[in-house]
Amino acid sequence: MKKKGAKIKRNHKNLYKKRKSTGRKVFEIILLLIIVGALVFVGYSVAPTVINFFNERAEENSTPSEPVWTPPVSTAPESTAPETTAAPSTTKPAEQKPAEQGLTLVAPDGTLNSAQALTKYLDSVKDKCSQVVFVLKNTDGELLYKSDNKTAKSSDTVIKGTLTLKQIVDECKKAGVVPAAAFSTLLDRTTPHLIDSTSYHASEGWMWLDNYANKGGKPWVNPAADKASEYFGELTKEISDAGFKTILLQNTMFPAFRQYDYNLLPASVKANDRADRLSALAAALAASAKNSASYIEIDADDLISAAATTYDATAEIFSSIDKAKGCEIVIHIDTAMFGTKLDIADGKTLQIEKDMAKALPQLISEVKKLTGSREISVRLSGDITDAANAEKLLTDAGCKAVMLG
């Protein structure tokens with residue numbers, strides 16, 4: 001049976017083109033004007049408040065105290081990879097070994113006689129040490145370099161060297177070693193003649209000698225002499241400013257006065273606090289050499305025997321060492337001590353071992369009984385057949401630094 005379709009009622013009027021009356025048109029125009037006016041009024045009234053609201057919210061979320069970040073200017077190419085937070089590499093860059101942590105050698109006599117001699121010596125030791133000590137002022141008071149000091153240049157007997165400090169330092173730099181200086185202070189035979197007021201004088205006014213003149217007697221420098229401190233300070237400053245990183249102050253001591261000498265000289269030379277004058281001189285020289293580390297050299301036998309002897313020589317300054325501001329100490333051990341006996345406290349003697357492997361630890365142990373917790377360095381001189389072994393023995397014994405020669 002055929003199904004019948006649903007009936008659809010069609011309206012043929014055009015809804016979009018239905019004409020409006022004139023009155024309706026007028027009404028719609030007036031209504032539109034009213035709505036537009038209302039919107040304009042509301043906009044002008046509310047807009048500032050709304051804008052301020054959002055501006056305040058934006059300011060609250062910002063940090064006005066921090067300036068705008070500007071990337072640093074870089075010379076690296078644009079392709080350089082940015083930094084990351086990856087774990088750092090475990091490979092460390094090579095570091096230069098500080099001089100005090102390596103072996104120091106004392107240059108032999110004649111090293112500074114010429115540029116050729118200096119170069120030859122440095123070439124022979126540059127792979128064995130980190131620092132070299134040159135004797136720049138010897139026990140005769142002579143300067144083994146070409147000094148610019150006016151006082152030294154005023155005499156033909158003082159300056160014996162032909163190389164300038166700069167030449168010595170430059171050669172050391174080429175060889176990759178650090179230059180250091182040895183400087184004899186009070187054991188000085190020339191300065192008393194160069195500057196008369198620096199020597200010991202008898203009560204009658206004449207210059208004191210450590211023996212009769214016909215027996216080779218020589219003058220010494222008096223640590224209480226202001227002119228001595230001034231002259232030596234000029235020299236240590238000259239050396240330090242030239243680039244010598246260490247200055248070893250040697251022979252900072254009084255002469256071995258005899259009772260006869262005490263009768264001739266002022267009472268101050270036997271005062272109980274006379275060691276303070278030694279320390280004051282050392283401190284003054286260290287202050288002048290502000291670009292260098294200053295060390296006072298003390299002989300091991302003098303220090304170990306100090307309690308049993310009336311003349312302490314180089315060890316006397318140790319009784320006043322805390323007043324030697326800016327100075328550390330170096331203990332000098334001569335291999336000639338091995339196998340000998342030393343007088344020590346309470347009438348006892350110390351038998352020193354003959355074998356270096358036993359003698360060095362023994363001597364360092366005795367020294368540390370006197371120096372306590374103070375760090376010490378050691379200079380070993382004399383017959384040294386096995387330098388590497390000597391260095392190891394002293395390092396193992398707790399020495400801060402080792403000098404050989």
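Remember, it's a predicted structure, so these values are computed and weren't measured experimentally.
Inter-residue side-chain proximity for Leu249 and Phe232 is flagged as unmet; no heavy-atom pair is nearer than 4.5 Å. Put simply, the side chain of Ile376 reaches to within 4.5 Å of the side chain of Val367, judged on heavy atoms. Residues Leu122 and Cys172 form a side-chain contact, since some pair of their non-hydrogen atoms from C-beta on lies under 4.5 Å apart. Using a 4.5 Å heavy-atom cutoff, the side chains of Asp241 and Leu165 are not in contact. A heavy-atom distance below 4.5 Å is not found between the side chains of Met403 and Ser377. Taking the side chain as every heavy atom from C-beta outward, Met356 and Thr385 never approach each other to under 4.5 Å.
Classified by interplanar angle (parallel below 30°, tilted 30° to 60°, perpendicular above 60°), the ring pair Trp208/Tyr200 is perpendicular.
A distance-only check finds no donor-acceptor pair linking the side chain of Thr198 to the backbone of Ala225 [under 3.5 Å]. In this structure a side-chain-to-backbone donor-acceptor pair under 3.5 Å is missing from Glu142 to Ile159. Side-chain atoms of Ser154 come within 3.5 Å of backbone atoms of Thr151 as a donor-acceptor pair (strictly under, hydrogens ignored). No donor-acceptor distance shorter than 3.5 angstrom exists from the side chain of Arg274 to the backbone of Ser268, with no hydrogens or angles considered. His332 places no side-chain N or O within 3.5 Å of a backbone atom of Val330 that could act as its donor or acceptor partner. Side chain of Asn251 to main chain of Thr185: no donor-acceptor pair is present (N/O by atom type, distance under 3.5 Å, no hydrogens or angles). Checked by atom type and distance alone, the side chain of Ser240 pairs as donor or acceptor with a backbone atom of Ser292 at under 3.5 Å. Tyr311 places a side-chain N or O within donor-acceptor distance of the main-chain N or O of Phe254, the cut-off being under 3.5 Å. For Thr335 (side chain) and Asp383 (main-chain N/O), a donor-acceptor pair under 3.5 Å exists by modelled atom type. Side-chain atoms of Glu353 never come within 3.5 Å of backbone atoms of Gln362 as a donor-acceptor pair (strictly under, hydrogens ignored).
To the nearest 0.5 angstrom, Leu360 atom CG is 10.5 Å from Thr395 atom OG1. How far NZ of Lys341 is from CG of Leu350: 10.5 Å, rounded to the nearest 0.5 Å. Atom CG of Leu248 is separated from atom CZ of Phe183 by 11.5 Å, given to the nearest 0.5 angstrom. Taking CD1 of Ile239 as the reference point, atom OG of Ser288 lies at 11.0 Å (rounded to 0.5 Å). Note that the CG atom of Asp210 and the CG atom of Leu187 stand 8.5 Å from one another [nearest 0.5 Å]. To the nearest 0.5 Å, the span separating CG on Asn149 from NZ on Lys153 amounts to 9.0 Å.
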- So Leu235 and Ser147, side-chain contact (heavy atoms from CB on, under 4.5 Å) or not? Walk me through it. CA-CA 8 Å; Leu235 295 178; Ser147 175; 4.2 Å; yes
- Could you go through the salt bridge (Lys or Arg N to Asp or Glu O under 4.0 Å) check for Asp386 and Lys392 one step at a time? CA-CA 10 Å; Asp386 190 344; Lys392 186 177 186 305; over 6 Å; no
- Task: Would you sort out whether Asp301 and Asp334 count as a side-chain contact (heavy atoms from CB on, under 4.5 Å), showing the intermediate values?
- Result: CA-CA 9 Å; Asp301 52 345; Asp334 191 331; over 6 Å; no
- Task: Quick one: do Leu105 and Tyr121 satisfy side-chain contact (heavy atoms from CB on, under 4.5 Å)? Show the steps, please.
- Result: CA-CA 11 Å; Leu105 296 180; Tyr121 171 74; 3.8 Å; yes
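Between Lys120 and Asp123, none of the side-chain N atoms (NZ, or NE/NH1/NH2) sits under 4.0 Å from a carboxylate O, so this pair counts as no salt bridge. Between Asp148 and Lys166 there is no salt bridge, since no side-chain N of the basic residue sits under 4.0 Å from a carboxylate O of the acidic one. At a threshold of 4.0 Å, the pair Lys150-Glu234 does not count as salt-bridged, since none of the basic side-chain nitrogens sits closer than that to a carboxylate oxygen. Salt bridge Arg374/Asp322: present, at least one basic N to carboxylate O contact under 4.0 Å.
Around the CG atom of Asp156, the shell of radius 6.0 Å holds no more than 12 heavy atoms that belong to other residues, nucleotides or ligands. Enclosure of atom NZ in Lys160 by more than 12 non-hydrogen atoms of other residues, nucleotides or ligands within 6.0 angstrom is indicated. More than 12 heavy atoms of other shown residues, nucleotides or ligands fall within 6.0 angstrom of atom NZ in Lys126. Atom CG of Asp273 sits in a crowded spot, with more than 12 heavy atoms from other residues, nucleotides or ligands closer than 6.0 Å. A 6.0 Å sphere centred on CG of Asp226 holds no more than 12 heavy atoms belonging to other residues, nucleotides or ligands.
Results of the side chain to side chain contact (heavy atoms under 4.5 Å, CB included) test with Leu404 over Leu380, Val378, Val133, Val106 single out Leu380 as the only residue that passes.
Side chain to side chain, Asp276 and Ser320 meet the donor-acceptor criterion of an N or O pair below 3.5 Å. When only modelled atom types and interatomic distance are considered, Thr139 and Ser184 share no side-chain donor-acceptor pair under 3.5 Å. No donor-acceptor contact under 3.5 angstrom links the side chains of His201 and Asn222, judged on distance only. Side-chain contact check for Thr119 and Glu171: at least one donor-acceptor pair (N or O, by modelled atom type) lies under 3.5 Å.
For the pair Met207 and Pro192, the tightest heavy-atom approach, listed with the atom from each and the gap, is CE-O, 3.4 Å.
Remark: Asp302 pairs with no residue by the salt bridge (Lys or Arg N to Asp or Glu O under 4.0 Å) rule, at least two apart or across chains. For Asp140, there are no salt bridge (Lys or Arg N to Asp or Glu O under 4.0 Å) partners, not counting sequence neighbours.
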